Every structure is written in C-alpha cells, then in structure tokens.
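Here is the structure we will look at, set down as structure tokens.
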Number of protein chains: 2
Amino acid sequence: MQDNITKILKAIADPKRREIFHALVIASSALSITQISGQFDISRQGVTKHIKTLETAGLVGITSKGRERFCTADAKPLKQITEWVRFYEQFWDTTLKDLGDYLDSK
Amino acid sequence: MQDNITKILKAIADPKRREIFHALVIASSALSITQISGQFDISRQGVTKHIKTLETAGLVGITSKGRERFCTADAKPLKQITEWVRFYEQFWDTTLKDLGDYLDSK
DNA sequence: AAGTTATGCAACTATTAGGTTGCTAATATA
DNA sequence: TATATTAGCAACCTAATAGTTGCATAACTT
C-alpha cells in the first residue's frame, strides 16, 4: 500500500478519526464498535471503516471477546511523526523574510 | 474549508508533497515552479497543485518576481503537529497489554 | 516585433475516501 | 428454541485527490 509514516499521517489527517482516536485514548476501558459509534454521528459501518484505518496505522488495537470487538488506542506510532517533524525544527526560525532578502539580492 | 491542523496534516500526509517540502527546506535558495518540477517526475501543473496545498497549509511561501514564482518552505506550522502529538506522549507507554488485562478481568 | 519561457486556469480522467444501506453470520438472552 | 444484539461484508453513492493535457497570458530575449 504505502509506507508507515504515510499511513499514520493519513489516519490522523481526518478530523473524525482524530476524534475517535481521542475518545479511545481517554476512555477508561476498551470500547466496542457499537459503543464508539454511539458517541459519534456517523453509522456503525462508518466507524468500522475509520477503526480499520487507525488499526492499519497501528494506532488502534482490537481484541475480540465473544461477539464484541474491543478497541484501544495505541499512541506509540505517533512517535514516528514526532521524529519526522524533528528534522524540521531547526528551520522553524527561517522566516519568509529570507525569501525577500534572496529576491532583493538578485 | 477545514481547520488549520487538518490542512497541515493533509498537506504532509502525501508522500510527494513531503518530498517537495523537503526539497524546498534544504534548498539553498528559493525555487521556481519550473525548477521544482524539474526535480520530480510529475508535470509542472501537478507541482503547482501540490504547492498550492502546501501554501494553503502555510508550509510554503510564494513571492512573484517577474514571470517567475519563487517558493520557500516555512516549517513553523509543523509546530502545531508537535503540539497535537504532545498530549498523547503520556500514553506512549500504555501498551495493548492493558486491553488484555481489562478483558481478562471481565 | 517575433519567438521563447514561466505560469495560471479550465476541463477531463482515474482513483481513493467517507459515508450509507442491506444482508448475513455469530453470539447472547428470554 | 426464538429473539436480540454485535458486527462483518458487499454494493453503492458522492465528493475529493492526484494527475493529466490544452490553451491563454504575461514577461523576458534576440
């Protein structure tokens, strides 16, 4: 499909998925698909799809118990995002003023 | 359209846009659209679209000089991602084992 | 002035994404 | 056993994305 960091970024790039992920993170216990969809204004199937995307990115773990599927968040993959961003921290103070300076010098 | 963090995350969720952004960050000077498209295997228009997405996210600044449009990267919006992730750092060590424990206790 | 270069804009195609509904299977409960 | 509940799967719709080509325009060059 695509590389890991892309999967993770795409997973959290969707606002509804960020909401679902957040709900799972702060939940005191694992939540079933039905429990999750009760908290959001989309259908159960819609939630299932989002969960699948999050699971593929490693951000959600699922364990079946009887007919239910319990989901928990796993924040660890977010480390990869932090690592990706870290390289660019050194450029945070490179303002766009530099572009103007460069162009003026031409 | 959508909120800022979503724009930023969507912008960098695409691998080609990350490549373009990276090329602009490490470039010693501002690059024109044509110069950028010379480095990638997509058309100039394709690059223009990606640049527009990056610009909308605040990750690229553009200044026109004559008929050319010079682009520079601006890493600052990435701070917002770091801030978003920061909240979840406290959960990095909450492993999926907790899910198993929870289910066993039921 | 004529030609070349840099770019934007519009239209089009193909693929992916977000979301839905309907149906089936498996598990729990009465 | 009959019924409720939980959920997966498949099909479908619509909107958004990534990419293309063609054309028009503005700005340099000769």
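Heavy atoms only: backbone and side chains are in, while hydrogens, waters and symmetry mates are out. A note on names: the letters A, B, ... follow the listed sequences, proteins ahead of strands, and every chain is numbered from 1. Since the model is a prediction, treat every value here as computed from it, not as a measurement.
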| If you look at every heavy atom in B/I8 and B/A57, which pair is closest and at what distance? | CG1-O, 3.7 Å

| message | Which is it for D/dA10, anti or syn, if anything within 90° of zero counts as syn? | response | anti

| query | What's the shortest heavy-atom distance between B/W92 and A/K79, and which atoms? | reply | CE3-CE, 3.3 Å

| Which pair of heavy atoms, one from A/L9 and one from B/I12, lies closest together, and at what distance? | CD1-O, 3.4 Å

| said: Just to verify, what does A/A23 make a side chain to side chain contact (heavy atoms under 4.5 Å, CB included) with, not counting sequence neighbours? | reply: A/Q39, A/F40

| request: Please list all pairs passing the side-chain hydrogen bond (donor to acceptor under 3.5 Å, both in side chains) test where one or both residues lie in residues 43-56 of chain A, with sequence neighbours left out. | output: A/R17-A/H50

| Euclidean distance, atom CZ of residue B/F70 to atom P of C/dA6 [Å, nearest integer] | 10 Å

| request: Could you list the residues that satisfy salt bridge (Lys or Arg N to Asp or Glu O under 4.0 Å) with B/K16, not counting sequence neighbours? | output: B/D41

| field | Rounded interatomic separation in angstrom, taking NZ from A/K52 and C1' from D/dA7 | value | 10 Å

| request: For the residue pair B/F21 and A/Y88, categorise the inter-ring angle as parallel (less than 30°), tilted (30 to 60°) or perpendicular (more than 60°). | output: tilted

| Length of the CD1-P vector between B/I62 and C/dA6, whole Å | 17 Å

| note | Sorted by chain and residue number, the side chain to side chain contact (heavy atoms under 4.5 Å, CB included) partners of A/R86 (sequence neighbours excluded) come out as A/T82, A/E83, A/E89

| Complementary nucleotide of D/dA4, counting Watson-Crick and G-U pairs under 3.5 Å | none

| said: Expressed as a whole number of angstroms, how long is the span from B/I33:CD1 to D/dA26:C1'? | reply: 16 Å

I'd like a table of atom pairs between the protein and nucleotides 27-30 of chain D - only N or O on both sides, under 3.5 Å - with the distance next to each one.
unit_1 : atom_1 : unit_2 : atom_2 : d
D/dA27 : N3     : B/R67  : NH1    : 3.3

| query | What pair of heavy atoms forms the shortest contact from A/C71 to A/L24, and how long is it? | reply | O-CD2, 3.6 Å

| request: Summarise protein proximity over nucleotides 17-23 of chain C in one line of letters, 5' to 3': B for base, S for sugar-phosphate only, - for none, counting protein heavy atoms closer than 4.0 Å. | output: -SBBBB-

| said: Nearest whole Å is fine: how far is D/dG19 P from B/E19 CD? | reply: 10 Å

| said: Between P on D/dG19 and CD1 on B/I51, what's the gap in Å once rounded to a whole number? | reply: 13 Å

| request: For C/dG19, give its Watson-Crick or G-U wobble partner with both distances under 3.5 Å, or none. | output: D/dC12

